Undergrad: 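Could you have a look at this structure, given as structure tokens, before my questions?
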Amino acid sequence: MQSQLKIFNTITGKKEELVPLVKGRVGMYVCGPTVYSDVHLGNCRTFVSFDLIYRYLLFKGYKVRYVRNITDVGHLEGDSDTGAEDKISKKARLEQLEPMEIAQKYTLGFHQMMDIFNNLPPSIEPRATGHILEQIEMVSEIMKNGYGYEVNGSVYFDTVKFAREKGIYGQLSGRKIEDLLTETRDLKKQDEKRNPSDFAIWIKADPSHLMRWNSPWSIGFPGWHLECSAMSTKYLGRTFDIHGGGGDLKFPHHENEVAQNYGACNCAPAKIWMHGNMLLLNGKKMSKSDGNTVTPEQLFTGDSPHLSKGYTPMTVRFFMLQSHYRSTLDLTDEALQAAEKGFKRLMEGYKNLLTLEAKGSDEDVEMNNRLEAIIREIFENMDDDFNSPRALASLFEAVTTINAIKNGHIAAEMLRDDVLNSLQSTFRTVLFDIFGLKEEQSDSSDYGLTADLMGLILKLRHQAREEKNWSMADTIRDTLKELGVEVKDGKDGTSWSVN
RNA sequence: GGUCGGGUGGCCGAGCGGUUAGGCAGAGGUCUGCAAAACCUUGUACGGCGGUUCGAAUCCGCUCCCGACCUCCA
């Protein structure tokens, strides 16, 4: 019997049972990247987190519509959402390209990186520029309901009126409207806004601005927060099950999204809001703007002052899975090295599990019970707000027993057949379907040949050992080690693995 | 300054009122021609000071540090 999935809801600050609006189906919207530069690792962690969540929902049998947008317009630079330059637009001007060329370039790069991390693609990946009409429509509705006002062709959302009438502005991010109003920072075009906390939903374009669309108010472009409100509504309905994103989007992005949805339809967009936590580099937030960053490429090649060597994508994914998605994760070289070894141990354990044969003639009841309990715990932990680090711990506990059986420390006779089967299927499901890990075979194409050659080499070494020709045997072993192939002598023969 | 979140053994990282988390590193052992791998044993951790409790890393108060958000960021 499966336990019930509980999810931490940012709005209530509590874990809640997931009760989908439509039985058996889950609608999930996750804020995607703004495609104005290369993805950085922090983005990757967030999307790995939501990939885990998506995969687990699928495993639980839900039909999931996973929508993750591409923001290719409206995201402004500098302070405030007024007067500053659009990120895509700016990059286009600097590189003398069409804005859509910029968006295309970085969207492709983003997709490649998601693929490298073995993230499943979302069900729908809508672009902001492809939904200008929907956004204009939403602005109209917000104005019709009295929460938007136009000044010089730009339209702003009246946060104070909204807060007064609905009393929910600030609820998601835990902010008080009074505090927002006392914000004294000097903002551009501040004079157009009625209140400092108001934000633009439609922005009149300067003559030099490259991205521009006609609207009832001006030739301009939509505000940053608007596309998510419009697109989530379009593809998931006015109210849907889960809305997610990085924790740094809580305010103002998500807070304003909620306001816009209420402003347009007087209803809450999502029942559950989920936020992933930040990836830190040596104790500090990774951030493009202050240079404290390692790119995914640097991580893979090791070409960074922060790293002693490169790490494979799956090592990094495993590293991320080892911490809970709501905790900050500190990326350090030492931690990465530990993850690399841990990941290897886990995968080796899985391989060993596949070679096991259950004899079951002399059953160890306690051990079998414990293994069955471990299997149950894995899913109970995942049901508890996607606790992958705990699930991983259970897996490792099983690995110890698996290895002990494999090398004969525990007799195979003690393992029951059905326990072995469910252990094997659990490992396969959890490792590959839920955690999204995969084997990393450097040259998978000629793997068969390599295996045959290794068989020959090990046979020769075996012969040398029979003849007590130790120097020959050790030369073979040591040379292989230099080539990155580890030779492992066991009770019943020799095996090898690529490091 | 305001608002949140956090400080766990050498490192990373779970737990959040009583039970061994787990991984990596370290120590001892088994196995082995030697090694590696694997297995077994091993760590008296919970920022500090008070309090509540039969019992606190876990709850409360104070305090010190750190981080995030408040401005573009996943």
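Chain letters run A, B, ... following the sequence lines, proteins first, then strands; residues in each count from 1. Bear in mind that the values here come from a model prediction, so they are computed numbers and not experimental data. Atoms considered below: every heavy atom in the structure, side chains included; atoms not considered: hydrogens, waters and symmetry mates.
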Undergrad: Counting only side-chain heavy atoms from C-beta out, which of B:rC39, B:rA74, B:rC70 sits nearest to A:P252?
TA: B:rC70
Undergrad: Assess whether a salt bridge exists between A:E440 and A:R317, defined as any Lys/Arg side-chain N lying under 4.0 Å from an Asp/Glu carboxylate O.
TA: no
Undergrad: Looking at B:rA74, B:rA25, B:rA38, which one has an atom nearest to any side-chain atom of A:M278?
TA: B:rA74
Undergrad: Is there a Watson-Crick or G-U wobble partner for B:rG26 with both distances under 3.5 Å, and which nucleotide is it?
TA: B:rU42
Undergrad: Using the C1' atom in both, what is the distance from B:rA27 to B:rC46, to the nearest Å?
TA: 23 Å
Undergrad: Distance check, C1' atoms only: B:rU52 and B:rG17, in whole angstrom units.
TA: 12 Å
Undergrad: Of the nucleotides B:rA36, B:rA74, B:rA38, which one has an atom closest to the side chain of A:N43?
TA: B:rA74
Undergrad: Of the options B:rA36, B:rG2, B:rA25, whose atoms approach the side-chain atoms of A:R175 most closely?
TA: B:rG2
Undergrad: Measure from the side chain of A:D248, starting at C-beta and using heavy atoms only, and say which of B:rA74, B:rA35, B:rC24 lies closest.
TA: B:rA74
Undergrad: What's the closest nucleotide to the A:K285 side chain, out of B:rA36, B:rC70, B:rA74?
TA: B:rA74
Undergrad: Can you see if the side chain of A:R465 gets near the phosphate of B:rG33 - specifically, an N or O under 4.0 Å from OP1 or OP2?
TA: no
Undergrad: Looking at every strand, decide which applies to A:V487 at a 4.0 Å heavy-atom threshold: base, sugar-phosphate, or nothing.
TA: base
Undergrad: Whether A:K341 contacts B:rA25 is assessed here as follows: a side-chain N or O lying under 4.0 Å from the phosphate OP1 or OP2. Is that the case?
TA: yes
Undergrad: Give me the distance, rounded to whole Å, that separates B:rU32 from B:rC39 when you measure between the C1' atoms they each carry.
TA: 13 Å
Undergrad: Using heavy atoms and a sub-4.0 Å distance, could you list which residues of residues 399-408 of chain A are near RNA chain B? By number, please.
TA: A:T400, A:N403, A:A404, A:N407
Undergrad: If I pick the C1' atom on B:rU3 and the same atom on B:rC11, what distance separates them, to the nearest angstrom?
TA: 32 Å
Undergrad: Under 3.5 Å, is there a donor-acceptor pair between the A:S173 and A:E255 side chains?
TA: yes
Undergrad: Could you tell me how far B:rG47 sits from B:rG7 if I compare only their C1' atoms? Round to whole Å.
TA: 6 Å
Undergrad: With a 4.0 Å cut-off on heavy atoms, is A:K176 in touch with a base, just the backbone sugar-phosphate, or nothing at all?
TA: nothing
Undergrad: Any chance you could list the contact pattern along nucleotides 9-22 of chain B? Use B for base contacts, S for sugar-phosphate-only contacts and - for none, protein heavy atoms under 4.0 Å, 5' to 3'.
TA: --SSSSS-----BB
Undergrad: Expressed as a whole number of Å, how far does the C1' atom of B:rC16 sit from that of B:rU58?
TA: 4 Å
